[in-house]
> 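After the structure tokens below, expect a handful of questions from me.
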Amino acid sequence: MASVTQAEIHRRELKENRQERLFRAETCRYCGAMVDLSGFEMTPQMYCPYCQTIIVLRRDKAHSDEKNYGICDQCGFYSRPKIFTKFYFYFLVHVFGYRCQQIYMCNPCMRSAAWTMLLFNFLFIIGLPSAIYQVIRSHLGGSTFNKDFVGLDKANSKAKSKKYQKAFAIYATIEKRLGHCAGVRYNHALALSHAGQNDEAIAMLNESLKDCSNYLPSATLLQSFLASGNQAEQAAELAMKFAKY
Ligand SMILES: [Zn+2]
Ligand SMILES: [Zn+2]
């Protein structure tokens, strides 16, 4: 309801300035929010800032399981994150207790966290069942069995372990397979920037925005490159365009 109100306020503002024809909005098919797309070019995908999903506008071309893909809180890569519960139980002669924390993270991030949790809880037994459960969970799911995003977890892992050439090759394969894939191109740009190839990263972010003109993570990263590269005017222009999110 808040999204509809916000979009309506913007439509009225444009009407007052005799620019109502510039108003454009789409309803997110996953959360039902009204996404204000005024000022953004028509692209094959749109981003819903409310549920943070990249959506292929043509339903018959939607990527498999796209509603569950987004940015991992731990590594910042576009992936299929899920809630991970870190649970540590300790017992030290006179003192005992536990620590519990929930984080939204992708499968490769879950794997290292789950093995650390298993090793720690191994000493104090009580936390062991939960640690074993998380290790099993971290090895299931992700993009491994997804027909569209298969290879994405592997590419992200390669990028994180600085095996950039291998990561670039896998990203290129996925991009070729999907055609329009703003999230995959965002990861590709992130890996290029980690490899120190900033010009290529900027070009890749522009490609990502050609697939999904309102993809906020790509715009935010592009803005930081423009601002640090003495292109303050373009950075401010981009920030203004995305201010409504
Ligand atoms: Zn949504
Ligand atoms: Zn991650």
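Computed over heavy atoms, backbone and side chain alike; hydrogens, waters and symmetry mates excluded. We count ligands from 1, going down the list as the structure has it; atoms in each ligand are counted the same way. Sequence positions, counted from 1, serve as the residue numbers for this chain.
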> Only to 10 degrees, please: what angle do the SG atom of C72 and the SG atom of C106 make about the Zn ion (ligand 2)?
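Reported to 10°, the angle equals 110°.
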> Please check if the distance between the ring centroids of F40 and Y245 is under 6.0 Å.
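When the ring centroids of F40 and Y245 are compared, they turn out to be within the sub-6.0 Å range.
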> Below 4.5 Å, heavy atoms only, C-beta onward: do I71 and F77 meet side chain to side chain?
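No, their side chains stay 4.5 Å or more apart.
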> Go through the steps to decide whether D65 and F149 satisfy the test side-chain contact (heavy atoms from CB on, under 4.5 Å), and finish with yes or no.
CA-CA 9 Å; D65 200 27; F149 293 108; 5.9 Å; no
> Rounded to the nearest 10 degrees, what's the angle SG of C75 makes with SG of C109 at the Zn ion (ligand 2)? Could you check?
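Reported to 10°, the angle equals 110°.
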> Using the Zn ion (ligand 1) as the apex, give the angle to atoms SG (C51) and SG (C31), rounded to 10 degrees.
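If I round to 10°, I get 120°.
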> Mind checking whether Y215 and Y47 have ring centres under 6.0 Å apart?
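Judged by ring-centre distance (under 6.0 Å), Y215 and Y47 do meet the cut-off.
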